[in-house]
Amino acid sequence: MRIDVLTLFPGMFEGFLEEGIVRVARSKGLLDVVTHDFRAFATDKHRSVDDRPYGGGPGMVLMCGPVFACDESVVAAGRAAGQEGEPKRIMLTPQGRRLDQDLLEELHQEPWLSVLCGHYEGFDERIREGLEPLEVSIGDYVLSGGEVPAMVLIDGITRLLPGALGHPDGARSDSFACGPLLEGPQYTRPRVFRDMEVPAVLLSGDHGAVARWRHEQAELRTQARRPDLLGRADENEHTSQ
Ligand code: SAM
């Protein structure tokens, strides 16, 4: 999978790309992430990428020219590297579709993504009209730029790529992976820590009993922390009948 990231701050991705699962996926050839600096596509002597909003108001708006030129360069570079057609374009914005596990599942099947990171007051509206990206939000709050949301997106996608995680089923037992349940409690050695014991069933060697216990715990935990998820599952069952 190839992911191009269009940003004003490519340096923010350096540590992210060199650590953890993203580094592993890149080193295995499962993922190629290429960053591009909008500023390299500015045409004036000040290398401007933003300007004041028409109609007045606070802040600055990302200009069309450098963003469209950067997008065209991304398409050309991707094709030169063997990609076909166009990337699926994603614009990070608090106004977009809320990122969740279902969306990550959809996106990890794409061969090529291009991710637009905004800054300042956001993008000139014609960037939306011209590039027709899928607009994605990581939650109902406003951050100063799209770089952290892009890292959230890339991390979530990467762990779904076959071969990225050490254990092939690793992502399948996580919260949200199989239906609406949160994952239940997990334990590791030692068996007793400061008088707190690991539940006996996990030491029993009875795989069926362990699986049942884990499912019950997942239900209890979801009921206690996110009962809305169980409600949504009931709604889906009713509407699909
Ligand atoms: N003026 C914009 C609005 O009200 O919708 C917010 C702009 S925000 C300060 C600057 C940039 O940060 C956005 O263009 C976007 O790329 C990114 N951003 C901020 N919050 C985000 C969120 N919750 N999800 C995704 N991207 C976000």
Side-chain angles (χ1 to χ4, degrees), residues 1-17 20-22 31 33-42 46-75 78 86-108 110 112-160 175-176 226 228-229:
M1 176 178 208
R2 177 180 169 111
I3 304 180
D4 288 282
V5 181
L6 292 70
T7 169
L8 278 176
F9 299 102
M12 287 179 70
F13 291 85
E14 284 170 16
F16 171 70
L17 294 176
I21 185 146
V22 175
L31 177 69
V33 181
V34 186
T35 57
H36 308 263
D37 189 345
F38 288 131
R39 209 170 285 283
F41 299 89
H46 302 295
R47 301 180 72 212
S48 309
V49 291
D50 58 317
D51 208 337
R52 290 187 302 266
Y54 276 121
M60 303 291 273
V61 175
L62 278 169
M63 295 155 69
C64 290
V67 175
F68 276 83
C70 188
D71 173 79
E72 281 154 18
S73 166
V74 162
V75 173
E86 303 251 323
K88 182 169 183 70
R89 293 180 177 83
I90 294 181
M91 174 185 280
L92 291 160
T93 160
Q95 304 179 15
R97 172 175 165 187
R98 183 88 66 86
L99 184 64
D100 60 13
Q101 199 63 33
D102 288 344
L103 183 52
L104 289 174
E105 290 280 354
E106 281 172 44
L107 294 178
H108 96 280
E110 296 284 340
W112 186 13
L113 297 179
S114 147
V115 180
L116 291 152
C117 303
H119 229 82
Y120 314 122
E121 283 303 309
F123 296 94
D124 185 307
E125 188 66 17
R126 292 164 292 185
I127 296 168
R128 290 182 161 90
E129 289 168 20
L131 299 181
E132 297 184 11
L134 171 68
E135 298 186 32
V136 174
S137 164
I138 64 162
D140 288 348
Y141 42 82
V142 176
L143 303 174
S144 54
E147 288 72 21
V148 171
M151 292 183 217
V152 169
L153 181 73
I154 294 170
D155 184 291
I157 286 173
T158 303
R159 60 200 315 287
L160 296 177
S175 302
F176 310 110
R226 293 289 307 276
D228 58 303
L229 293 174

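All ligand and atom numbering here is 1-based and tracks the order in the structure. Both backbone and side-chain heavy atoms feed into the values below; hydrogens, waters and symmetry mates do not.
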Handout entry: Reported CZ-to-NE2 distance for the pair Phe38 and His119, which is rounded to 0.5 angstrom
Key = 11.0 Å
Problem - Arg128 side chain near Gln95 side chain, heavy-atom distance below 4.5 Å - result: yes
List, pair by pair, the atoms of ligand 1 and of the protein that are both N or O and lie under 3.5 Å apart, giving the separation rounded to 0.1 Å.
{"residue": "ligand 1", "atom": "1 (N)", "partner": "Glu121", "partner atom": "O", "Å": "2.8"}
{"residue": "ligand 1", "atom": "1 (N)", "partner": "Glu121", "partner atom": "OE1", "Å": "3.4"}
{"residue": "ligand 1", "atom": "5 (O)", "partner": "Gln95", "partner atom": "NE2", "Å": "2.8"}
{"residue": "ligand 1", "atom": "12 (O)", "partner": "Gly145", "partner atom": "N", "Å": "3.4"}
{"residue": "ligand 1", "atom": "16 (O)", "partner": "Leu92", "partner atom": "O", "Å": "2.6"}
{"residue": "ligand 1", "atom": "16 (O)", "partner": "Gly118", "partner atom": "N", "Å": "2.9"}
{"residue": "ligand 1", "atom": "20 (N)", "partner": "Leu143", "partner atom": "N", "Å": "3.0"}
{"residue": "ligand 1", "atom": "23 (N)", "partner": "Gly139", "partner atom": "O", "Å": "3.0"}
{"residue": "ligand 1", "atom": "23 (N)", "partner": "Tyr141", "partner atom": "O", "Å": "2.8"}
{"residue": "ligand 1", "atom": "24 (N)", "partner": "Ile138", "partner atom": "N", "Å": "3.0"}
{"residue": "ligand 1", "atom": "26 (N)", "partner": "Thr93", "partner atom": "N", "Å": "3.4"}

Exercise for the section: With rounding to the nearest 0.5 Å, note down the distance linking CD1 in Ile3 to CD1 in Ile154. Expected result: 5.0 Å
Practice task
Quick one: pull up OG1 in Thr7 and CE in Met12 and give me the separation to the nearest 0.5 Å.
Solution key: 7.5 Å
Exercise for the section: Mind listing the closest non-hydrogen atom pair of Phe68 and Gly130 along with its distance? Expected result: CZ-CA, 3.9 Å
Handout entry: Minimum-distance pair of heavy atoms, taken over all atoms of Pro58 and Glu121
Key = O-CG, 3.5 Å
